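Everything on this sheet refers to the single structure shown next.
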Amino acid sequence: MEHLVSSWCNDRSLPESYILPPEDRPGMLPLGKNIPVVDLGAHGQTDILQQILEASQEFGMFQVINHGVPSNLIDEAMGVFKEFHALSAEDKAIETSKDPDKSCYMYTSSHNYATEKFHFWRDGLLHHCNPLEKYIQFWPEKPPKYREVVAIYTAELRKVGFRILEFIAQGLGLNPDHFSSELGENQILLVNHYPPCPDPSLTLGLCKHRDPVVINILLQSDVYGLQVFKDEEWIGVEPIPYAFVVTLGALIQIISNGKLKGAEHRVVTNSNLARTTASFSLNPFYETLIEPAKALVDASNPALCKSFSYKDFIIKYRADASYGTAFE
Ligand code: OGA
Ligand code: NI
């Protein structure tokens with residue numbers, strides 16, 4: 001495993017390999033704009049559907065509140081995520097190398113650490129979640145409550161994810177359960193950690209990307225850092241206590257035949273606060289074919305791309321230095 005940022009960042013100034021060219025540096029953000037917030041507990045399913053559809057079309061990203069996940073569970077989950085990243089580098093390596101098939105692992109910067117031109121100020125713990133009986137044996141056992149808390153947390157987020165996908169399917173005019181089997185049952189948790197950074201103006205936690213997923217449900221903690229790119233400008237995503245940030249991924253763009261777009265987003269760092277976030281994504285199985293939904297294709301709306309397996313998509317995504325942003 002490459003050296004995690006958290007294992008050396010306290011002793012060093014920003015290494016050159018993290019300094020981005022001027023045009024890619026974050027700069028200052030004008031404040032004032034916000035992404036939509038959808039109240040999932042509101043009365044009126046039609047209103048919720050309409051709000052989700054509009055936010056998905058306009059931003060590809062929105063926040064949800066009153067989603068039904070108890071706040072004490074969110075606190076406990078964030079607690080074990082932070083405790084995990086506070087372990088020694090040695091413990092983290094031990095706790096994430098139990099599966100020879102690598103359903104649980106750690107990495108730093110991006111999956112392309114060895115070949116990328118610049119590094120990003122982020123450590124990540126990634127593991128598969130479903131089926132739980134298959135994967136939980138490979139999850140960290142430190143902190144001691146990790147498995148117990150994260151099993152409950154990911155089961156709750158699965159429900160939120162499918163509920164939102166039902167709304168999106170209906171909004172697209174598809175069967176409400178269009179995403180509910182193969183397209184969303186491969187669930188992955190990515191716990192990001194961005195230590196305090198010596199110079200946030202020169203680097204990024206994550207560069208501009210589209211998530212290689214169907215949909216992502218992010219717990220972003222109370223520290224600001226996420227930005228979404230819309231109409232050629234960056235908009236900051238305000239942390240709202242106990243809300244989730246829902247991001248449409250590159251795969252929904254394909255399945256909706258371009259009716260919806262995966263949001264382009266990035267993460268800025270912070271000079272005095274560490275930031276821990278958890279991305280829970282719904283994905284297809286590796287062999288599942290991804291293609292524009294048949295109901296959305298006809299003579300006047302030809303398929304914008306051919307079908308391909310999720311596995312091929314991931315291989316191509318990781319090999320491509322544009323992280324899905326050149327992808328239309
Ligand atoms: C991601 C991501 C945002 C964040 O994990 O793909 O965009 O704020 N995370 O950590
Ligand atoms: Ni992302």
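None of these values were measured; they are calculated from a predicted model.
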Is it the case that K142 places NZ or CZ above or below the six-membered ring of F84, under 6.0 angstrom from the centre and within 45 degrees of the axis? no

Atom pairs and distances, side-chain donor-acceptor, residues 275-282, under 3.5 Å, sequence neighbours left out:
unit_1	atom_1	unit_2	atom_2	d
R275	NE	V223	O	2.6
R275	NH2	Q220	OE1	2.8
T276	OG1	H193	ND1	3.0
T277	OG1	N192	ND2	3.2
S281	OG	I188	O	3.4
S281	OG	N283	ND2	3.0

Sidechain N-carboxylate O distance under 4.0 Å for E264, K261: no

Just by distance, no angles: are the side chains of D199 and S201 close enough, under 3.5 Å, to form a donor-acceptor pair? yes

Decide whether S309 and E287 meet the rule of one side-chain donor and one side-chain acceptor closer than 3.5 Å. no

Any donor-acceptor N or O pair under 3.5 Å, side chains H128, N130: no

How far apart are the C-alpha atoms of R147 and E141, what are their side-chain angles, what is the distance that settles it, and do they pass the side-chain contact (heavy atoms from CB on, under 4.5 Å) test? CA-CA 7 Å; R147 290 184 180 179; E141 284 169 290; 3.2 Å; yes

Should the pair K311 and Y286 be classed as cation-pi, given the thresholds of under 6.0 Å to the six-membered ring centre and 45° from the axis? no

Over 60° means perpendicular and under 30° means parallel, so classify the ring planes of H119 and Y113, tilted if in between. parallel

Is the closest side-chain donor-acceptor distance between W139 and H127 under 3.5 Å? yes

Test item: Q253 side-chain N/O and G262 main-chain N/O as donor-acceptor pair under 3.5 Å: yes

Here the pair of heavy atoms bringing F59 nearest to I235 is CE2-CD1, 4.0 Å

When you look at F229 and H265, which way does the ring-ring contact (aromatic ring centres under 6.0 Å, His included) test go after all the steps? CA-CA 6 Å; F229 195 60; H265 54 287; over 10 Å; no

Does E156 come within less than 4.0 Å of K159, counting only side-chain N to carboxylate O? yes

Does any donor atom in the side chain of K92 or S6 lie under 3.5 Å from an acceptor atom in the other side chain? yes

Between S271 and P196, is there a donor-acceptor pair closer than 3.5 Å when you use the side chain of the first and the backbone of the second? no

Can you confirm whether the side chains of N72 and D75 place a donor and an acceptor under 3.5 Å from each other? no

For the residue pair Y107 and Y105, does the interplanar ring angle fall in the parallel (under 30°), tilted (30 to 60°) or perpendicular (over 60°) class? tilted

Without hydrogens or angle criteria, can the side chains of S109 and E116 be said to hold a donor-acceptor pair below 3.5 Å? yes

